[in-house]
2 protein chains.
Amino acid sequence: MKLLLVEDDALLAQGLIHSLKKEGYSVEHAGSICCAMAFIDEGNIEMVVLDLGLPDGDGLSILKAIKQSKLPIAVLLLTARDSTDDKIIGLDLGADDYLPKPFDAKELFARLRVIGRRLGSQLTTQLSSILTCSNVTLDLGGHQAFVDGIAIELPRKEFMLLKALIENQARVLSKAQLENKLYQWGEELGSNAIEVHIHHLRKKLPKGFIKTLRGIGYVVGKQ
Amino acid sequence: MKLLLVEDDALLAQGLIHSLKKEGYSVEHAGSICCAMAFIDEGNIEMVVLDLGLPDGDGLSILKAIKQSKLPIAVLLLTARDSTDDKIIGLDLGADDYLPKPFDAKELFARLRVIGRRLGSQLTTQLSSILTCSNVTLDLGGHQAFVDGIAIELPRKEFMLLKALIENQARVLSKAQLENKLYQWGEELGSNAIEVHIHHLRKKLPKGFIKTLRGIGYVVGKQ
DNA sequence: TTCATTTCTTAAGTTTTCCTTAATTTTCAA
DNA sequence: TTGAAAATTAAGGAAAACTTAAGAAATGAA
C-alpha cells in the first residue's frame, strides 16, 4: 500500500515514516504542499496522511485537488485544530477520516487499517510493487529480486540499495545519497559500507549492471 | 438510508432521532442490546449508530455480531470512553468510525455522510473458506489445517498466524503486521511471542514452508 | 464453581546471519 | 606516473531470530 505522508514537522515525520514502514506501508514523505502535489501527480499514491498545518498554505487545498481529480486516493487528515467546524469541512470535502493532534500512533495505524480494508475491496492492485530494469526485477512485496526470472536472495541492506538504484534508474546516485536512503539519519557511516554492499550486489547481478562513475556515484540502466 | 440508533439515554436519543430524520434518514431506535439485535435480524438496516455504554452489556458485542454476520452494515461507535485503546479495539473489530461523547451533532452528521458515500460504492467481498498454499490447506470454517491432505491440530494463535501468512502468500509480513493480525491492540506484546508461535508452527509444517527474511519478516509461498 | 489440561507469554541462553570496519590491492584520471 | 577513489577481502561484533523451558492464562469438563 503506497502512502504519502504530508507533514512538515521533520521529527514527527521521521518517527512516523519509520513506524509506517514497519506496518507494511510503502511511504513517501512531503514537507510542503507543492512537494505533496508532485508525488500525487506522479500517480501511484493510494493513501494520504495529511497534516493541515503546513508552512506554504492550507493543506485543505491538497484535499480539494485530490477529490477534484477523482483519483482513488484515500485521505486521512491530521491537525492541531480541533474545532468541530474544521473537522466537518474536512470530512465534507471528502476526507476519509480525521485525527486531531496530539494523537497516539497506534490509533493512526488502526484508522489506516480501516481505510485500507475499505480500499482493498475497491481496488485489486498490488501491481505498483514490481520494479524492473532490463533483466532485473524487484518484487517489493515479497522482498525478492529476480535476474532473468530466477530468484536470488538479497539481505536487507543490499535489497534497499538495489531498490534505490532501480527507482532512480538512468540517474546517478552519489554515495551520500545512497547512505541517506539506507540509514535513518541517526548514525554516521564511518567507513566504506556502501562500497562493500555494492560489491556484494555485483556478485549476484549481471556483469556491468551497476556502473561506477568515479568521483560521482553509481547508476543502473543507463544507455 | 435506513439507520438504527442504539442509545439508552432517552433524552439524547429523542433529540438525535428528530435531527437524523431531518437529515433524511429513516431511523429505528433501540435502547438495549437485545432490542438492537432484533432490529438487525429483521434485515434491512444499513447503518448503525452504536452507543457503547448500554445497560444490559457491552455494546461491542453488537458490533462483533454484525461483523461476524458479514452483513453489509456500517457501524459508527458513540461513547463516553475516550481512551485510545477503546477506540482501537472498536475500529479493529470493524467499526467504520468512532465519535467520543460529548459530540457535536453536526459532526455526527458529517461522519454519517462520509459513511453513506462509501456504502454507495461498496461491494461485498465474500471470502472463500478454504485457503491453500502449495501442499498446505486451511479450512477456515472448520478451523483446521491439512498438510498433504492429512489433518493437523493447530491452537488458535498458530492458526491465526498461518492464516495471515497464507492470505498474504508471496508477500512478506513483518512481525508488527503479524501482531496486528493476532492481537486486538488491547495489550502490548512485550516479548517474542510471534517468534515462538512461528517456531511451533514450523514443527508441524513442511520444512522450509515459512521463510524468514532477517530484519524484514516472514513469508510463505515464495518461489 | 473447581480442577485438569491445553495454550500462551515471557525470559534467558544459543545460534546464525548480516553489517561494519579496516587493511590491502586495483583502477582510473589528472 | 602518481595520488585519490573504488574494489576486494576477511574478521569482529552486533542484531535478529531460534530454541527451550517454566510459569500464567485460558479453556473445558465434571
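The sequence lines fix the lettering, A, B, ..., with proteins before strands; numbering per chain opens at 1.
Among C:dA11, C:dA23, C:dT9, the nucleotide with an atom closest to any side-chain atom of B:His197 is C:dT9. Looking at the side chain of B:Arg202, the nearest of the listed nucleotides D:dC18, D:dA7, D:dT19 is D:dC18. Considering only side-chain atoms of A:Glu195, the nucleotide from C:dA11, D:dA7, C:dT21 that sits closest is D:dA7. Side-chain proximity of A:Ala193 to the nucleotides D:dT8, C:dT21, C:dA11 is greatest for C:dT21.
B:Tyr218 comes within 4.0 angstrom of the backbone, heavy atoms only, and of no base. The residue A:Ser191 sits close to a base: some heavy atom pair falls under 4.0 Å. Residue contacts for A:Lys175: at a heavy-atom cut-off of 4.0 Å it reaches the sugar-phosphate backbone alone, with no base atom in range.
In terms of phosphate contacts, B:Tyr183 brings no side-chain nitrogen or oxygen within less than 4.0 Å of OP1 or OP2 of C:dC8. The phosphate of D:dA7 has OP1 or OP2 within less than 4.0 Å of a side-chain N or O from A:Thr212. Proximity of A:His199 to the phosphate of D:dT8: a side-chain N or O atom is located under 4.0 Å from OP1 or OP2.
Of the options B:Leu173, B:Leu154, B:Ile166, B:Leu178, a side-chain contact (heavy atoms from CB on, under 4.5 Å) to B:Leu161 is made by B:Leu178 and by none of the others.
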Expected rows: protein N/O vs nucleotides 28-30 of chain C N/O, under 3.5 Å:
{"unit_1": "C:dC28", "atom_1": "O4'", "unit_2": "A:Arg214", "atom_2": "NE", "d": "3.4"}

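The residue among A:Gly217 and A:Lys203 whose nearest nucleotide of DNA chain D is located toward the 5' end is A:Gly217. Across the interface with DNA chain C, nearest-nucleotide mapping of A:His200 and B:Glu153 shows B:Glu153 to be the residue nearer the 5′ end. Annotation: of the two residues near DNA chain D, B:Arg156 and B:Asn192, the 5′-most nearest-nucleotide partner is B:Asn192. Of the residues near DNA chain C, B:Glu158 and A:Pro155, the one whose nearest nucleotide (by heavy atom distance) lies more toward the 5' end is B:Glu158.
With B:Asp8 contributing its side chain and B:Gly31 its backbone, the two residues share no donor-acceptor pair below 3.5 Å.
A salt bridge between B:Arg111 and B:Glu107 is present, with a side-chain N of the basic residue lying under 4.0 Å from a carboxylate O of the acidic one. Remark: A:Glu7 engages A:Lys101 in a salt bridge, criterion side-chain N to carboxylate O under 4.0 Å.
For the residue pair A:Asp139 and B:Ala170, the shortest heavy atom distance occurs at OD2-O, 4.1 Å. Listed here is the closest heavy atom pair of B:Gly215 and A:Arg156: O-CD, 3.6 Å.
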Quiz: residues 202-210 of chain A side-chain donor-acceptor pairs under 3.5 angstrom, not counting sequence neighbours:
{"unit_1": "A:Arg202", "atom_1": "NE", "unit_2": "A:Ile210", "atom_2": "O", "d": "3.3"}
{"unit_1": "A:Arg202", "atom_1": "NH2", "unit_2": "A:Ile210", "atom_2": "O", "d": "3.0"}
{"unit_1": "A:Arg202", "atom_1": "NH2", "unit_2": "A:Thr212", "atom_2": "OG1", "d": "2.6"}
{"unit_1": "A:Lys204", "atom_1": "NZ", "unit_2": "A:Glu158", "atom_2": "OE1", "d": "2.7"}

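End-to-end axis angle of the helix from C:dT1-D:dA30 to C:dA30-D:dT1, from C1' rotation axes over five pairs per end: 40° (rounded to 10 degrees).
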